[in-house]
Each structure stands twice: as structure tokens, then as C-alpha cells.
Amino acid sequence: MSPPRKTTLPSGPLPLIPDKYLDVPSQRLYYLSLGLLCQAIKLVDFTLSLASRDDGLATCKKWLLVDFLYCTILIWLRIPRLQYSKAVVLLQIGLLWFLDGIMFGGITLNISGGTADLGIMPSSFSSKLDLSATPETFSFADVLVPLGLGWLTSSSGAKDAHLLGQHTVRMSPISTAELNNLGLSFCLAPPDNFVLIPILLNNTNLHGLKYSLTPLGHEGIGSSKVEYDLTAKDLKAIEQTRLEGMKSPRPSATTARDSEEYDEYDDGDRHEPRNSHPSLQSTQTLVHIRLNKPGTLRLERVFDASNVDARLIYPSSVTVVPCPRVEFVDDDFPKEDIRCSGEESNLQLTINIYGIPPLSLRWLRTVNGRREHFLVEGIEDRSEDSNTRGEKSPSLARPGKGVVAMIPQELRIPLAISLDIPGTYVYALEEIVDGIGNVVRIGAGGLSVNTSSDIQTKTTRSLVVLRRPTASFKHCKPGSPTSLLVGSEAMLVIATSEVNDLDLPLELLLQYQPLIDVGDDPKGNKLIKPWKKTFTTQGIQNELGVHATAPGDYTIVGVRGKWCTGDVLAPETCRVVEKPFPTAEIEWKRIHECSGDTGVSASLVLHGTPPFHVQYHMQRGNEAPVQFFKTFANARGGLTLQPERSGHYFFTFVQLSDANYKKIELKGPSIDQLIHPPAAADFVTGHAGKKRTINSCDGGTVEVEVDLRGTSPWNLELQIVGPRSTENLKIEGIEDSRKLLQISVPKAVDIDGGSFEINIVNVEDVYKCKRSISVPGILVNVRRVKSTVKFYGSRSKRQLTVLQDETASLPLRLTGDGPWRVKYRRLGESKTITQYVNSPNDYLRVSQKGTYEIVDVADSQCPGSVITESAIFTVDWVPRPSAKLSPQTNAVYEAYNGSYILPTVCEGVNDFVDLDLTGRPPFQIMYNIAQDGESGGTKLLDQPTFNSIQPRTRFQLQTSNPGRMYYEVKQIGDTAYPLGKYPNTIIPRAERLLFEQQISMRPSARFKNRNRMSYCLNDSFTPLATSTDGIILFDGTPPFMLKLSIKNLAASHVDTTTVKVSTLTWKLDLPAYHFTSIGPHLISIDSVRDSSNCTPATLDPLGSSIWVDVAETAAIVPFDRREHFCVGEVSQFQLEGIPPWTIGYRINGRTYTQEAKVSPFALVQKQPGEFTITSIAHQQKLCKAAVTDLRFTVHSLPSAQVGHGKRVYQDIHEGDQAEIVFNLVGEPPFTFTYQRSEPSSRKGGKPGKVLETHTVSRVATNEYSVYSALEGTWTVTSISDRYCRYPSAQPDLGAGKKR
């Protein structure tokens, strides 16, 4: 099978079998294949039934059940694509059942159209008459037969209800009975305490049996024997109980073969006594005796229904003893089932055994899942008393076993055990065999490998041997002590191993010894003392954590589990050492230069565990102190502090952290210092390492801002570097740290433009300390020409027309250095738009129409100016096409919906309107056509498009469908705006052209159907209460004027009348008109008009007329005047009038009706009793006439039964005779024919070849007997009474009877 794939299931219930187990296509394939297999087997059965003479009713029943189960199980499986409605499933079952009936004889087809009882009817009648039948008498079988259950009410094997039953006589062979034919052994075991002993019967129709039971030890004493009788009913009850017990077998006396542990110790000739026997032959049966007492059972007698004894086969006795049993004795078993490894333990188990000696015992030992099997044989009590008892006791000789004492013994056997390996020990008793071969399986073979240690039953014992636990310190050993921080705790981890879960929790004894004795403490403090404590593990964890709060030595003294004492492993001692706080040695130094003290430096020596983190404060005057951090990886480090601002500073170290302690307060030395930083200068906003560029568009100076550091006032020296000259500029007495300087542009650059550079040379502070400065300078670009902007073109050319929503490009002309920033606006709006352009001949791109004005311009360096004469540009749109109704159109405008109302026209009248179009031809017009819907609202009919090359076009209106028509112009295209290029440009709904028109329907009338109407002579032309014919349907606007004509074909006369109808439906109602002659009348619609004054529609020739039949009173006349008929015969009548006829008749006081379409009329009689014709009517049950003188008597067909209508099987022996009884039903005297045939080879089959046939006449009684000593099957073939015969005699009328 292919791997599962995901199948998309239809909506609805999911299949019963999920798709993950079997995909849906495979389910369909398998189930349909099963159906085909069933049909193939059915064809094989059909072929066999054709070749066999047996009755096929049993085969038919089988296939009726199979087909029903197949169809119903298919519903239950819910397979997609094979799910059908209930009606379809019932149809499938019906078709399959019909096929089964045809194939296997359940249904007989009568080709001539009559029933099997109509064989007396001549073929000439069957070809000319329309045969009908009277209803059959009702019974419960009439309910079962339509359901396919008619076989429940039929006689076994009989298809003919008038000839029932058969009597079969057979010669009986010699019968035998064999007790315990398989030679089994039996024993009684609780809780049932009974056994079933088989008896094999051959050619025996068992009626009862007798057996005797002798208690154990009393076989030679006759007075101890007790006899019992069992009837066939008792044996049947025992057999029913046995079959129910086989469904739930008991673990009692069984054989070693039933176990998976069967080995060479098991006997090869043991069998299951209750349900294990070879297949029986066709003449053999098996019964059982239920025995619940021990002893020797002997079969005394077996007899059949004729009280004939069966031959008993030797041996006819069997011995039943108590089943052996074995169990452990609870007295010597220890209360505790857990032991420790290494302990001396001499345990002994005691086993109690009971049974017939000698006994054999099988037991097993499981150690940590490894099994060992043991067998002990020859177990018996060999004491003198026991032997004496055994000699006096009766014995049973078995081949190879010697003489066995038949009295059970109870023994006790010791079993020594050794516990040298840790693990789980399980001792289980498996099997006990007594001296006569009874085997009892204890059931220990079912123990799993992972057997629980708490199994303590009568047949099992279990012990658990535990390993000794161990303990040692983890992550701590001599040379690697555990660190302890001041004021905190250290975690000591003790690891355990070799611990069984049953031995938990563990108890650990821990001893603590401080490093300094109390007496050695100079202060004499007694805060730390030695101690011993016990700790307990939690749960199933293999580690124990101990919190150490003081330095010293911690030692594991001992470890003990719940059951076992453990061992202490190395390292057993852990030393805890306390870590001191970190400290620092700090030395300050002052830094002095020409301007004075410029900073301080600190040298640090750190004690602790690196890395070190130092926190210090720096405070300037009264300002808030600022925190700083410094990290040192080594124990020695240095720190230099030189603030950039002058002032009085305080430097203090605050905290110290190392790897163990965080933020330890430092109380080291501090320093305060009056610091004067050295002078420094730089340009403001200058980028580090980069030269700044500024632009100068007008004026003779440029502004430069400098940043000065140090002590004011400062003297600053600048250098101006021009294209051909260099100039130094000194500025003295600068008090502020930031100074805005005015630098003059060199004359050569100021006139023509160009660039020059400004650099800082040096700076000098108040202490006359001069420092050279090397920082990037400033590049100054000087321009003397401004940029300009304007629109290109003359005033008349500065305008542009584009299509709506397209982008317009306005040409620009610019001067200066790009890129440029151009600002513009649209006149009438205050919003200014900015656009960046890169080319001096670039464009402004706009998408809205209007007049645009340039407001401002700037190039990459300087602002520019706008040329006002060329700053304006106009953009226009090409107008879109439009449409409107021509002024000459006759229409009324409705303001509430913006629609034009056109005049009403009739259906099919040609009409149009004229449209005036504006735009650039040719035009394309798309419009919607809608009509009022049936459920309210409107429905869209079409959305066509038409073309026009002229500004005025004619718009054709649709008038073929009556109703309200709506027209809406949705889109208009022209050359500028073609619809193919602008498909989504739709006219706004408020601006669309909308017009509507009412189309009136043309009136018409027709008949609803053309069924012929029937009236009787002299009836008025009014509606028939039970008929729906003669209804006229109208189309149009009421009221209608309808003109009708009534033509009497018999009298060649025509009447015309006009009727006013106010509804759309009218039933013919002309009470003033009466039918005065018989024959057909033609009713025709001549014309119709409505209130719209529209031309009527053409009338349908087939729907504008209807026929009316006028009939006279009907009559019925019989063909002959017979007074007696038989069931199944045909009575014939001549009918007068117009078909169809309705004949009323009465049978035994019950009234029936029958339809007849042709004359003469034939009726098959199906019920016995008095038959009377009461009435006849024609013209659809009209014109009814009463009949008073037509009646006769119908008699039942006679019937005969053999064996009271059943299949009787009688076995006789040679010399005996059988009585065959015939029961006759009918009116005597009787004449019947019977025959003897060869009996069928199987029970229920059809008889074989006919051996003899006899006819008996003038039988005046209802019962007749025949005696015979011959073998065969007697059946009845025909019977006749005073009036009737069955089967009916074939008249000599040419054609024979057809079935």
C-alpha cells in the first residue's frame, strides 16, 4: 500500500475509519471489491442451484441477509462518495432483494400477466381482457411479505400453500457411545469445582443416558456406587453452559501446552479436557457430563428416542480426583522483605503441597530480571504410616509410573535461598502435576521482567537486596578549601552514590571543628564551638547541601539509609577559609607646569582578589561632586587627573570592589588642589580632524567663533592665508571663553570673489604661558554673483493644455551653481511648494490645472532672485465628453432622483430618444439597462456600448419586455479620452444622465392545461368540485374582457359569450349554459382585452381551447349466469358507456371499487364468499348507476397436508412400519394423488426420483393414513373436493397454462 497521503474530505461527517489509518480511496476500493466478491459468490450459488433439485429458499434467505448487511454497513462507515440518502439506500436494498428472489425462486414471474391460479383461463381471453383481481383476505402474513419476511409464515420447504408438508422415512444405522474418547485426565479445582467429561456419539439420536459414580477408595465396594440419569434436555443445558464458559476460560486445571514457558520438562500427551477435541464427522456428536464430586465415573447406558441402547465402547469409566495445589507457608517468611548486601542471612521458604502422589513441582527464580527454572519430581510422603495407607488404598496403574496411591497427601518442603547479589529476588511457583497426570498452572510465567518487589501472594515471594550507600564531599578537598565571605554562608555539597530508592532518605552525621581553639582565643570569645549534627536528604536527590557560616573543618562521620548503614569515602573532610575585605594604599602627587598646578596623580597598591573596581569623586568648588570609576587588573595601578577648567578641586576615593566583595568603603587620603589648566583654543562647531567651509555672499567681513580654555584673559594669534598673501592677526584681552570674531576679507578676494583660509597660530593665558595650537582651520568661499530663475518662453507661450490628471512639465532657466532649491505656488492658494532641481534647464512638474508662480530660488551657496517678468505659467485641461437629452425629447424631469420620465408605450412598439454629445468625435457611450425586480429593487439586464461619429445620435429603447425600464449613461469616451485607455474613468453618479420608461404588457389568455373535462347529460357548465381543470390564466392589466365560444359537435351548434374577469386566474363558470346532448364539446377563447388598450397578443392554438365530454348512464352485463366459482377463476362482464368505468362490488359485506379501461371486463376472484356487483360509473366516476341483481358464490381451493404441513423425519429399524397421515381441507368427498420419492442425501434437500404414485378417491373424512415399511419421502401432488380442484385441470383450449 502506498504511504498515507492527505486526502481532502468533503464537508460533512468524517469517515468512521480515520484517514491516518486507511486513506479514503483505499476504503472505497476495498469495500467495492468486497461487493463484487459477494456478487461473484452469488453467481456461483445461482449456478449450483440450477443443477440441484433442492429448494433454494435457504440460499435466498442467506443472500437477503448479506445484501441488507452490505448496504447498511456502508452507511455506518460514512465513506465519502459512497454516502447516499435513505431513499437511495432503500432502493438499492429493494433492487438487490428483487434480484435474489428472481435468482433463487423467492419470486415467480407470470409471463402472461396472471397468477399461478389462472391456468384455467384460455389464451384468447388473456390476450383480449384487461385482467383485474379482487383483494385477497388480510392476515399477518400480508404485513410480513412486503418486508421480505414472508418466509417466516411459510412452511418449511414448501412453496405451494395448498400442498404442504412431507414425511420422510429412513433406516437407522448402529449407534455407539464412547466415554472420554481422547483419554484425558480430570480433576476438581475451586472455585468452580466441576469438570465436563465428553461422550462421543456416533449415529445416535440421543434421548438420555445413565452413569454411576464411586467415591475414591471405594471402587471395590458396591454399596458406595450412586447412579444418575440425564435427559436430552439436561445434556443440552450442560452443552449451553459449556459454550458460554468457552468464551471466558478459567485458569483452573490446564495443560503445560497452554503456557509460553513450555519446555522439555512438559509431557507431550496432555490435552485440554474441556474444549480440545478433533473435528467431528457428519454422523458424530459430542455431549458432556457435568461432575462436581471426586470418584470413578462409569457410563452405564445410552439410549435414543426409540429407547434403543447404544453400544458402549471400552473403557467406559474415568477417575476424577481433587486438583493438586501448592503454596508458600507464611509462618517462616520474614516480615521485612528488604535486606542489605554484605549481611549474613540464612533464609528458608516453606512450600505446602497437596495432591495425589507422586507429585512434580516446577518453580522459577528471578534475580534482577534474569530467570532460572527448576523442576522437582517424585514428591511424596515416604513415612511408614503413609506407606501403610498407600498399601491399603486402591491404586491406579499408569504406564511407566507404577502403582499410584489414590488418596491425596499434604506435604511441606523447605526451600533454602541465598542473597549474595544486590537486586530484586522473586520466587514463584509455576506448575504442579499429580500422580495421574493432572496439571495445574499457577500463572507465574506471566510475571514481567520488571517485577515489583512487593509481590507477596500464596505462590510468590519477593526480596530486595540493597547496596550500602556511600558519601563524600564534592568540590572540596585538601589543598582546595572552600571560601567563606565575611557575613555570608558557604555551600558545602555532599555527594552520595550506590543509593537505592527504597533506602531513602539518608541520614548524614557531620562534625565541625573550628580552626582556633576557644582557649587559644586571646579575647576569650566563646562564640564558635565544635558541634555534631545529623542531616537528612530530601526526595531522590543524590546530593546534600550544607550551609557553612564559620571557618573550620567539616567532617563526615557516618551515613545511614532507611535500611542499610553506609560507608564514608574520601574526601571526608572539607576546610572552610574566611576571605578578608579588600584594602588599598593610596599616595597623591601634584602636577605643576608653567601656569601653576594643572592636576594631581595617585599611586594605588590594592589588596584582595583582582580585578579591582575603584570609585572616586571630583568636586569643583561648591558644585556637586562627580563620580568616576576605574578598573585595575593588577594589585598596583596609577591615576592622573587634569581638569580642563580652572578652579579649586577636591579629589576623594570612595569605594573599592574586588572579585569577592562589592563596594567596600575606603577611608583613604583625600586631596584638594587649586588647578590652572594650560591654555587651549579651537574653532566652534568644527569637526574633529576636518576642515570647515563657510560661504560669504556679500559684505567685507566674515564671522568666526572660537572656544578658549585655560585662565582668562587670553591673547589669540590668527593667520589669514589668501591666494597670493598671508597675514597674521593678533587679538588681545579676550575675557570670555567663547568669542565671536569679525575677520576682514582680503581685498583681492573681496573684489572678484574666491577663497581664503583662517588658522589659529597660538594662544596665551593670564600667566603668559603661550602654547602653539594645531587644529583644522576654516575655508571661506566668497561669491559676488547671485543665482536667478524664470519660466522659459514668451508670455503668450507660457501656457500648456494637457489631459486631465496627466503631469505637466513647466520649463525653467536658472543661473548659479547647482543644485537649486525653487519655491513656487498656485495662484489662489497660500501653500508654497519646494522642488529641488539639478540642471539649469530643468522642469517643474505639476498635476493640477491653474496658474503657477515662482516665489524664491537659492543655489548651493547663496540665495538668488526671481525674474518677475517670467515668473508666471498657466496649465489647462482638455474637457471631457458629455451627453444630454435633446431639447425636442418628450420627457418629464423628476428632481428627487434626477431622472427623465419618458411616455409609456406598449410591449413590442419601436421607440427611441435623441442624445446631444460634446467632445471630440467619434464617441463611445457605455450605459446600464435595468428593470424592476420581482422581489423589489432593480436588476441589471445589460451594460452595452455603442459608437457615434455625430454630435447628435439616436438612442434605441428596449420594449420587448414589459415592466419599468431604466437607462443610465455610465461612461463616455472620445478621441482625447478613449474608453480603452481610460476604462476606470466613470462619470460620478450625481452627474450621470438617467431616464426611464414604463412598458405595458399585451393582454393574453390561455388554459392552464388541456385535460378533457367530463360532464353528464343536462348538467350546467359550472366548476367541478373535485377537478382542477378548466382554469384560464391571464397576462396583462385587469380587468379583462374575455370572449368564449362553445361548439357542440353532435348538434353542430356554436354558442358565444363574453365574460368580465377582474383577476389573473379564472375557472370556467357559465351557469346559464346546460349540456343538452351527449358527445364532445369544444370550448375556445376567441379574444381578450385589458385596461391598457394595447393590442392583444397572438393566442396559442394549443392553449386556447379545451374539450368537454358529455356522457350518458353506464351499465354492466355478465357473460354467463354461473352461481359457483372457485378462487382463482375469472368472471367476465360486458361494460356499456364511455371508458374509463368504475365498478363497485361487495365481498362478504365489505365494499370495493375497481377501475376498467376496456370492455369486456375480467375479474380474478381471490377471496372466498359471496360476491355482489353494486354499482357502475364512468366519465371519471360520474353518471353512477346502481346494480341489484348480479351476485354469485366463490369457493376456496382445497388443500392437503402431509405430516400436518411440516417436514417429518422418522427413523425406523428393520421390521418396523411408519404411519403417513394426510390431512384434507375442503368440501368432501375428496380425491387426492400422493407419491413416494427417494429421500434427499441431506436434511432439508429436495426429494429425489419418484418411486411410486397413487390416487385415492371418494374420501369422505378429513384425515387419511397410509402404513409403509419402505424408505422414502411421501408428498401430495393434487387434490379436488366437491367444487374445486388444485392444481386446476388444464382445459383443452389450445394454448396451455403459462407460468
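For the numbers below, each heavy atom of this structure counts, side chains included, while hydrogens, waters and symmetry mates do not.
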Between Gln92 and Tyr84, is a side chain to side chain contact (heavy atoms under 4.5 Å, CB included) present by the stated rule, with each step listed? CA-CA 10 Å; Gln92 293 172 349; Tyr84 305 101; 3.7 Å; yes

Less than 4.5 Å apart, any side-chain heavy atom of [X] and any of [Y]?
X       : Y       : value
Tyr1286 : Ser1278 : no
Met103  : Leu43   : yes
Tyr1152 : Gln1167 : yes
Ile199  : Leu201  : yes
Pro198  : His288  : yes
His167  : Val169  : yes
Ile289  : Leu196  : no
Val1194 : Val1127 : yes

Please report the interatomic distance [atom1]([X]) to [atom2]([Y]), rounded to the nearest 0.5 Å.
X       : Y       : atom1 : atom2 : value
Ser282  : Asn203  : OG    : CG    : 8.5 Å
Ile75   : Lys86   : CD1   : NZ    : 8.5 Å
Tyr1283 : Ser1196 : OH    : OG    : 12.0 Å
Phe68   : Ile73   : CZ    : CD1   : 10.0 Å
Leu96   : Gln39   : CG    : CD    : 6.0 Å
Leu16   : Leu22   : CG    : CG    : 11.5 Å

Restricting to non-hydrogen atoms, name the atom on [X] and the atom on [Y] that form the minimum distance, rounded to 0.1 Å.
X       : Y       : result
Trp63   : Cys38   : CH2-O, 3.3 Å
Gln166  : Pro1247 : OE1-CG, 3.9 Å
Pro1198 : His162  : O-ND1, 3.4 Å
Gln1165 : Phe1171 : OE1-CD1, 3.6 Å
Val24   : Asp19   : N-OD1, 3.4 Å
Leu206  : Val287  : CD2-CG1, 3.9 Å

Could you tell me whether the side chain of [X] and the main chain of [Y] form a donor-acceptor pair under 3.5 Å?
X       : Y       : result
Ser1159 : Leu1135 : yes
Arg1146 : Thr1174 : no
Asn1148 : Glu1170 : yes
Thr72   : Leu69   : yes
Arg78   : Leu14   : yes
Gln27   : Ile17   : yes
Thr1277 : Thr1233 : yes
Glu244  : Thr241  : no
Asn1262 : Leu1224 : yes

For the pair Leu48 and Val44, evaluate side chain to side chain contact (heavy atoms under 4.5 Å, CB included) and give the outcome as yes or no after the intermediate values. CA-CA 6 Å; Leu48 295 177; Val44 174; 4.3 Å; yes

Could you label the plane-to-plane angle of the Tyr1234 and Phe1222 rings as parallel, tilted or perpendicular, counting under 30° as parallel and over 60° as perpendicular?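 Because their plane-to-plane angle lies in the 30° to 60° range, the rings of Tyr1234 and Phe1222 count as tilted.
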
Short side-chain donor-acceptor distance under 3.5 Å, [Y] and [X]:
X       : Y       : result
Asp67   : Trp97   : no
Thr1273 : Glu1238 : no
Thr168  : Gln1210 : no
Asp45   : Thr59   : no

Report the C-alpha distance between Tyr70 and Tyr31 in whole Å, list the side-chain angles of each, state the deciding distance to 0.1 Å, and finish with yes or no for ring-ring contact (aromatic ring centres under 6.0 Å, His included). CA-CA 9 Å; Tyr70 183 84; Tyr31 204 80; 4.5 Å; yes

Using a strict 4.0 Å threshold on nitrogen-to-oxygen distance, state whether Glu239 and Arg242 make a salt bridge.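 Salt bridge present between Glu239 and Arg242.
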
Lys/Arg N to Asp/Glu carboxylate O, Asp1029 vs Arg1012, below 4.0 Å: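 Arg1012 and Asp1029: not salt-bridged.
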
Side chain to side chain contact (heavy atoms under 4.5 Å, CB included) for Trp1274 and Gln1235? Distances and angles first, verdict last. CA-CA 6 Å; Trp1274 276 262; Gln1235 65 183 17; over 6 Å; no

With a sphere of 6.0 Å drawn around NZ of Lys236, does it hold more than 12 non-hydrogen atoms of other residues, nucleotides or ligands?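 Atom NZ in Lys236 is not crowded, with 12 or fewer foreign heavy atoms closer than 6.0 Å.
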
For Arg28, look at atom CZ and say whether over 12 heavy atoms of other residues, nucleotides or ligands are found less than 6.0 Å away.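 Enclosed: over 12 neighbouring heavy atoms sit under 6.0 Å from CZ of Arg28.
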
Run the numbers on Thr1142 and Gln1154 for side chain to side chain donor-acceptor pair (under 3.5 Å), then give the verdict. CA-CA 6 Å; Thr1142 302; Gln1154 183 68 47; over 6 Å; no

Apply the test side chain to side chain contact (heavy atoms under 4.5 Å, CB included) to residues Ile1147 and Tyr1145: give CA-CA distance (whole Å), side-chain angles for both, the deciding distance (0.1 Å), then the verdict. CA-CA 7 Å; Ile1147 300 178; Tyr1145 60 92; 3.7 Å; yes

Assess the residue pair Asp100 and Lys42 against the criterion (salt bridge (charged side-chain N to carboxylate O under 4.0 Å, His left out)); give the C-alpha distance rounded to whole Å, side-chain angles, the decisive distance to 0.1 Å, and a yes or no. CA-CA 9 Å; Asp100 296 340; Lys42 185 187 296 184; 2.8 Å; yes

